[in-house]
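Structure first, then comments.
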Amino acid sequence: MKAIELEKVYDPKNFEDRIYENWVDSGDFRPSKAKGEPFTIVMPPPNVTGILHMGHALNNSLQDILTRYYRMGGRPTLWVPGTDHAGIATQNIVERQLAKEGLRRQDLGREKFLERTWQVKDKHHDIIVKQLKKIGCSCDWDHERFTMDEGLSKAVRETFVTLYERGLVYKGMYLVNYCPHCGTALADDEVEHQNDKGHLWNIEYPLADGSGRITVATTRPETMFGDVAVAVNPEDERYKHLIGKMLKLPLTDREIPVIADSFVGIEFGTGMVKITPAHDPNDWECGKRHNLTPINILNPDGTLNDVCPEKFRNIPAEKARFMVADELAAQGYLASVADYDHEVGHCYRCNTTVEPYMSEQWFVKMRPLADKALQAWKDGRLEFHPKRWENTYSSWLENIRDWCISRQLWWGHRIPVWYCSDCSNMMVKREDPCCCDKCGSKNIKQDNDVLDTWFSSWLWPFSTLGWPEKTPDLQKFFPTSTLVTAYDIIFFWVSRMIMASLEFTGEVPFKDIYITGLVRDKLGRKMSKSLGNGIDPLEVVDLYGADAMKFTLCYLAAQGQDVLIDMDSFKMGSKFANKIWNATRYILMNLEDRNIVEIKEEDLNDVDKWIYHSFNENARKVNAALQGYRFNEGAQAVYDFFWNDFCDWYIEASKPELYSDDDKRKDRIVSILLDLLARSMRLMHPFLSFITEEIYDKLPNTDGKVISAEFPVFDEKLVHEKEASLVESLQEAVRGIRNAKAQLCIPPDRKLNVTIRTDEKGELSAFMRKYASLICTFSNSASVTIDDDKSSDISGAFPVAAPGFESYLFVREAIDVEKEISRLKSEIEKTQALLDGVDKKLNNPNFINNAKAEAIEKEKGKRAEFVEKIDKAQKHMEALKKL
RNA sequence: GGCCGUGUAGCUCAGUGGGAGAGCCCCAGUCUUACACACUGGUUGUCGUAGGUUCAAAUCCUACCGCGGUCACCA
């Protein structure tokens, strides 16, 4: 066999793209034809016009790890990628482009505008797909979907019409959240409340009979033109006599009544509230209770309309607010103004202040859907990881309100409803009608509005697999296995998918829901454009490689915890990848003239058994971690095994054999090293996919690709407890010698003679004797002698204690006796404190009577250990004093 | 205000009933025939505060303090 040369420096740029292309070309991401339960994940579709951020990187890294793990586990595995059309966001982008050309969408007309939007979508789509590929997602691109694809659009129509038929979709005039900037209604959860600095104005309204004035408090004086009443609490003694009286509405010639309603707080403000049903949710409800006709004072663009006095017309509400206040002051109606902080709704897409706005919209009746979703959770058909998110889920469903699904946009699924202009018949149709199904008129018009983007994404887990058709994909891969997403869309998306899925397929869309943390900067702040603290995943890939990014994110992704990172954080993964690269490079450069031989169990020595034992234990940990969604534990296990055990100890221990003159020994060790390397690549593949594939391909002892290799599982045959514990003693001896030398300020290159005296003659002493030369090499000593019958002369030697044995270093040079004595003193003190603690327990009858037998045994063991340590340390001190 | 989370080494965080851990940082040494993105050794903690349960608490319970999130708000 020839030596294999690896590039001297680990550079992921040399192979990541190539390997990704190869995976795609060979169809490695497609589900296998294997039997067994499929593993399916649908990717939360990113906004097609968005840019991939660290949240996506985290989310998709974890999905990739799961997908690769189960794929290697032999299950047919499908990860469905895709994007959503992001109605408002995408339309905003195109409208901004148009604005630069001095155009509005109305200037183009609906058809031309949509054409242009599709072009923008296509361009952005290519970017986002490229990004997903760059970070290494092993999703099946043959299954890629877009929410406005033909099939998914059909699913949307089917859903809308069916819900309408079931009485779960209705149209009506309601007060909705309206964004004047985006020009559309929003759902309740698309409104973000922020604390804004405002004012509380006290305004006086005169009684119509001239008997005086009352004072109302408001944060929005401009809405007074929509006032239809003033309400007081019926229990409020101050105002009982006013109920039923009329008031003159200042700046207008209207009169409005004083009414009684218990929603008014007696304590707050003046205890009198102006009622503006068309512009406040509470007033809307109050108005309904009292049969008051709402008066709308706003144009759709958020300016005051013709209901208002002329001087305020066509002025934005926020500006008009102060003009109205000034006018009121001028006319003597303004009693006072005070600063006032309050929560104000803002559009989650453009941050404009949202107006409660009266309009005709389409709604989904949510209660029946929510009840099913709640029941599925109560039945244990759904499980959140971490579990606490179930509270969020259930409390939202319990307090659910109807969902406003119509949007006054052009980009999206147009509502499948047609109106006849001749007989005003309304038709809700799966297929476009040609004429009115009542009067036959061809004069029909489709509803102008489109549906909320979430109305298509809530179908994602089954619409992507072909629903409403009963496709083979749907039958095989639905319900899906796991959903991985961030907690900020549990309401928007997760719960709605569950509702839709239960309503239309009768099944939960997924059993496990893994909720990731949010990626934040090191100060704990959300990454955002405005703060400029975002990290671009592509920049991370460019600097450190996709493997480094995925591994680092995974290593930090403790369940339920946010991930705080900066650019330097990724050095961690990068250093680990570099370590893997170099360890491999070293082994492969030593293959010249070697032969791979079969290794049987009887060929393994104690150290070999130890490393296989450790590998096996870590394989068990990784399997358990990934099955339980404890990603960081998996990453830690592979890191610890490969770096600490394999590189730092096993490879070092193999060197004497590797450099011996015995070809048989050399073949043996090389074969084992290659075997461990191959196993490690398989174990690490989900976490570091590219480098493991690149190396696996180069290993002479492997066939095929690691992506489709078998994942290591716990193997009873690899358990070697006894050897593992013996090697740990060896490590203890080596560390003891190294420590002592360092503490005595003896340069590392000064080699000492060492005698190791074991407490007993037995397994340990035999083992130590067998591996004396290894201990010698590791500790950089001149010689290591094992003395198991206390026969050798140790006078003048410096002792180092350990459980079961003691090492003696022959140090002739003057050492700092004082310093060493004080070190031993403090060691004795520390140990004595531990011993006292143990004794306290052991002398406590309650402990002896109540504690588990094994706990007592453990305490006794500890006691013996501490006593021994103190005893040895004391002897050492005396020995030192004699030096 | 309700609910949820969180407070462990200088920093970022693991650990969830029985001897306080990792990575980074810092200090000292080493270019030892893969790796200076390395190796060896070392320093660092009232495990937020106060009670309680327990033979035993960083770990369970209660209260409080700090931080964060989320839902809902009364003009």
Side-chain angles (χ1 to χ4, degrees), chain A residues 6 8-10 189 193 200-201 216-220 223 230-231 263-265 267-276 280-283 286 340 342-343 386 388-389 391-392 395-396 399 487-488 490-491 518 520 522 524-526 544 548 552 555-556 558 560-566 568-569 571-572 574-590 632-633 636 639-640 647-648 651-652 655 659 735 738-743 745 747-749 777 779-780 831 834-835 837-838 840-842 844-852 854-856 858-859 861-862 865-866:
Chain A
L6 241 48
K8 178 134 175 61
V9 179
Y10 161 67
D189 50 19
H193 291 274
L200 193 60
W201 282 273
V216 296
T218 181
T219 54
R220 305 188 58 189
T223 62
V230 165
F263 98 91
V264 180
E267 305 298 326
F268 190 89
T270 59
M272 302 195 102
V273 189
K274 60 197 262 320
I275 300 299
T276 322
D280 181 278
N282 283 311
D283 295 3
C286 176
Y340 186 67
H342 59 147
E343 294 288 316
R388 66 185 153 93
W389 292 109
N391 291 332
T392 307
S395 70
W396 189 72
N399 301 306
Y487 56 73
D488 50 355
I490 291 179
F491 309 131
L518 255 37
R520 298 171 178 279
K522 283 252 162 140
R525 302 174 303 182
K526 263 191 189 181
Y544 299 114
T552 305
Y555 192 91
L556 297 173
Q561 290 309 116
D562 286 345
V563 177
L564 274 63
I565 46 160
D566 59 20
D568 279 350
S569 305
K571 280 186 182 162
M572 199 228 149
S574 170
K575 282 164 81 167
F576 185 44
N578 182 62
K579 187 73 182 176
I580 296 169
W581 186 260
N582 279 297
T584 307
R585 190 165 80 91
Y586 164 73
I587 292 168
L588 295 187
M589 71 172 55
N590 282 292
N632 60 325
E633 288 180 24
Q636 269 164 42
Y639 184 96
D640 288 347
C647 290
D648 287 354
I651 291 184
E652 290 306 318
K655 282 181 177 172
Y659 296 135
R735 286 196 196 101
R738 284 174 179 165
N739 290 358
K741 279 177 77 175
Q743 261 154 12
C745 297
D749 56 349
T777 310
S779 60
N780 206 20
T831 314
L834 292 171
L835 180 62
V838 170
K840 206 174 131 196
K841 283 184 190 171
L842 288 173
N844 183 341
N846 287 324
F847 174 70
I848 300 296
N849 296 332
N850 295 325
K852 285 177 290 188
E854 47 196 291
I856 297 174
K858 196 172 174 194
E859 291 303 313
K862 273 154 65 179
E865 192 188 313
F866 296 150

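For the C1' atom pair drawn from B:G68 and B:U40, the interatomic distance equals 41 Å after rounding to whole Å. The P atoms of B:C27 and B:G48 are separated by 29 Å, rounded to the nearest whole Å. Spacing of C1' atoms, B:C61 relative to B:U53, comes out at 7 Å, to the nearest Å. B:U33 and B:G45 are spaced 42 Å apart, taking the C1' atom of each and rounding to whole Å. Comparing B:G23 with B:A38, their C1' atoms are spaced 16 Å from each other, to the whole Å. Taking the C1' atoms as reference points, B:C25 lies 42 Å from B:G2, given to the whole Å. Here the separation of B:A56 from B:G51, taken at their P atoms, is 16 Å to the nearest Å. Separation of the C1' atoms belonging to B:C3 and B:A22 is 33 Å when rounded to the nearest angstrom.
Listed for the A:N582 side chain is a donor-acceptor partner under 3.5 Å among the backbone atoms of A:N578. Between the side chain of A:N849 and the main chain of A:P845, a donor-acceptor pair closer than 3.5 Å is present.
Nucleic acid contact class of A:K8 (heavy atoms, under 4.0 Å, all strands): sugar-phosphate only. Residue A:Y544 is out of contact with every strand shown, counting any heavy-atom pair closer than 4.0 Å. In this structure, A:Y555 reaches the sugar-phosphate backbone alone: every heavy-atom distance under 4.0 Å involves primed, P, OP1 or OP2 atoms, never a base. When heavy atoms are screened at a 4.0 angstrom cut-off, A:N739 is found touching the sugar-phosphate backbone but no base atom. Nucleic acid contact class of A:N282 (heavy atoms, under 4.0 Å, all strands): sugar-phosphate only. Among the heavy atoms of the strands lying under 4.0 Å from A:S574 is at least one base atom, whether or not backbone atoms are also near. When heavy atoms are screened at a 4.0 angstrom cut-off, A:Y10 is found touching no nucleic acid atom at all. Heavy atoms of A:A851 sit under 4.0 angstrom from at least one base atom. Using a 4.0 Å heavy-atom distance criterion, A:K655 is classed as a base contact. Among the atoms of the strands shown, none is found under 4.0 Å from any heavy atom of A:N590. A:K274 comes within 4.0 angstrom of nothing in the nucleic acid, heavy atoms only.
Chain A approaches RNA chain B within less than 4.0 angstrom (heavy atoms of the protein), and the contacting nucleotides run 5' to 3' from B:C4 to B:A75.
Between A:F263 and A:D283 there is a side-chain heavy-atom pair separated by less than 4.5 Å.
The number of heavy-atom neighbours closer than 6.0 Å to NZ of A:K571, taken from other residues, nucleotides and ligands shown, is 12 or below.
With sequence neighbours left out, A:K741 forms a side-chain hydrogen bond (donor to acceptor under 3.5 Å, both in side chains) with no residue at all.
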### 5'-to-3' dot-bracket of RNA chain B (Watson-Crick, G-U; under 3.5 angstrom; crossing pairs as [ ]; | other strand)
((((((((.[[[[.)..(..]]]].(((((.......))))).....[[[[[..)....]]]]])))))))....
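One finds the OH atom of A:Y487 at 10.5 Å from the OG1 atom of A:T392 (value rounded to the nearest 0.5 Å).
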